[in-house]
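Below is one structure; the comments refer to it alone.
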Amino acid sequence: MNRPDSGTIRLLGQEISAEQRNEIGVVLDEVGLPEGLNTKQIGRIMKNSFKNWQSDVYENYLKKFNLPDNKKFKTFSKGMKMKLGLAIALSHQAKLLILDEPTAGLDPLVREELLEILNDFTREDDHAILISSHIVSDLEKICDYIAFLHKGKLMLCEEKDRLLEQYGFIQTTEENLKALEKDAVKGSKITKYGAEAIVDRTLIPQTFDVRPVTIEELFVYMAKGE
Amino acid sequence: MKGLLCKDCCHLCTPVGYLVPAVLLLCGMILKIPYLLTFIAVYLSALPIGILQNDEITRWDIRVMTMPFSRRAIVSEKYLVSLLMTLFSALLIGFGTAVSLRNQFPDAVSAAAWVTGAVMPCVVMPALCYPFCFRFGAQKMNMLILVMIILFAGVFSAAISFPDAVYIPFYYPIIALIRLFPQIRSHRNVIAVFNAILEAEKIRIILWTLAGYAVLTVFSWLLAVRGFRRRSY
């Protein structure tokens, strides 16, 4: 929402414009809908706002998510609000979904349900999702590419499967860890029982017992290493 | 812009819905007091500004930036809503005037001139508040909005509520200007001169007032669009 200092943004191959936002569905941390209106009224507003609005799709999502059409938005729980935001984003033939912390504060069941819907959305060839989240396990479930931002710096931006293949977790002694190439160690922790580290599998001797790493471990160790 | 209008209409339905029967009911009773009629304009002028504040509280202002509307369209829609409120308040005040105050005006043109002045809050309040609200945020402008409401609800409405002095809103600035001329010595002379001018040129004054409203609104809209383009969230 900031004015650019310099440069341009191209989205879906075009300069960004108001018209182009018809093809983008956005769900923010706070859904940002008028509190005093119900889902029917909100649907009417969206119908008059988006060029490709599909009322039947919207109503199907309302039914699927068990969202009442006569209750005001302010009476909804956090999960219901998020579902309504998602229903709107999915009802105007968006090609790109931009989601900011969509699963934050939701119970595991609702989170799972939302992730399934997002997975379904990406099955279409020309559909994509850009999601920002602190819940790394969710990212691991649905993302193909992962970028890690820490203290305003891009720490990594890589295909998820490649990250999981490339990096591994080792437990060893402090001396063994120090003997490794500097580039091989992405992050480490020294404890009184020994040393733990995230390493680049291709840069360490095969004698090490390397177990698979989770994206969350990778992020934590990288951030600590920084 | 249709979607934005639709949303604001949903918000306005209830408060405006309460106002119409209230005016109809009170017309035959206490609305013989012009102050209450002029208060309709103050009430209606504050509604769109209230919606703008509410949009910020509910974070609709952020959401709307992700929807297919340009910043100019977002600003223009609010001005359009205020224009609708102005027309609506003119209708209600006109109706109230015709029913309750008709004996207090010598002719229809005088009554029309009074209504033209009475809707002033609906034009001036948004025109002064919107450029600041769009540049800095409506919630930060709480104090300005409050001062405007007090100014219009108290000072303006009280000033215009004497049908004997139907042109009071235009009265004081013009008197202040005339006072600059040394040949006009006393205040009483000024009032006499001014009343004479008014008698002769009532329709012209209505037209000039409407033109003034239009110029003020366009100038304010330009400022608001410019300010909103610079705003970051």
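Bear in mind that the values here come from a model prediction, so they are computed numbers and not experimental data. Convention: sequence-line order gives letters A, B, ...; per-chain numbering from 1. Heavy-atom basis, side chains included; hydrogens, waters and symmetry copies ignored.
Contact annotation: the side chain of B/C6 approaches that of A/N48 to within less than 4.5 Å [non-hydrogen atoms, C-beta and beyond]. Contact of the A/P34 side chain with the B/K7 side chain is registered, since non-hydrogen atoms from C-beta on lie closer than 4.5 Å. Contact check for B/R63 versus A/V31: side-chain heavy atoms found under the 4.5 Å cut-off. You'll find the side chain of B/M67 reaches within 4.5 Å of the side chain of A/S49, heavy atoms only.
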May I have the list of side-chain donor-acceptor pairs in residues 129-136 of chain A shorter than 3.5 Å, sequence neighbours left out?
{"unit_1": "A/S132", "atom_1": "OG", "unit_2": "A/D100", "atom_2": "OD1", "d": "2.9"}
{"unit_1": "A/S133", "atom_1": "OG", "unit_2": "A/I135", "atom_2": "N", "d": "2.9"}
{"unit_1": "A/H134", "atom_1": "ND1", "unit_2": "A/E101", "atom_2": "OE2", "d": "2.4"}

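Taking a 6.0 Å sphere around CZ of A/F169, one finds it holds more than 12 heavy atoms contributed by other residues, nucleotides or ligands. Surrounding CZ of A/R211 are more than 12 heavy atoms belonging to other residues, nucleotides or ligands, all under 6.0 Å away. Environment of CZ in B/R72: sparse, with no more than 12 heavy atoms of neighbouring residues, nucleotides or ligands closer than 6.0 Å. Remark: B/R135 CZ is packed, more than 12 non-hydrogen atoms of other residues, nucleotides or ligands lying under 6.0 Å away.
For residues 24-44 of chain A, every residue pair satisfying the side-chain hydrogen bond (donor to acceptor under 3.5 Å, both in side chains) rule, not counting sequence neighbours, is listed here: A/D29-A/K78.
Closest non-hydrogen pair, A/M46 versus B/W60, comes out as CE-CZ3, 4.1 Å.
A distance of 11.5 Å separates CG in A/L28 from CE in B/M65, rounded to the nearest 0.5 Å. Between atom NE2 of residue B/H11 and atom CD1 of residue A/I45 there is a gap of 7.0 Å, rounded to the nearest 0.5 Å. The OG1 atom of B/T58 sits 8.0 Å away from the CG atom of A/L33 when rounded to the nearest 0.5 Å.
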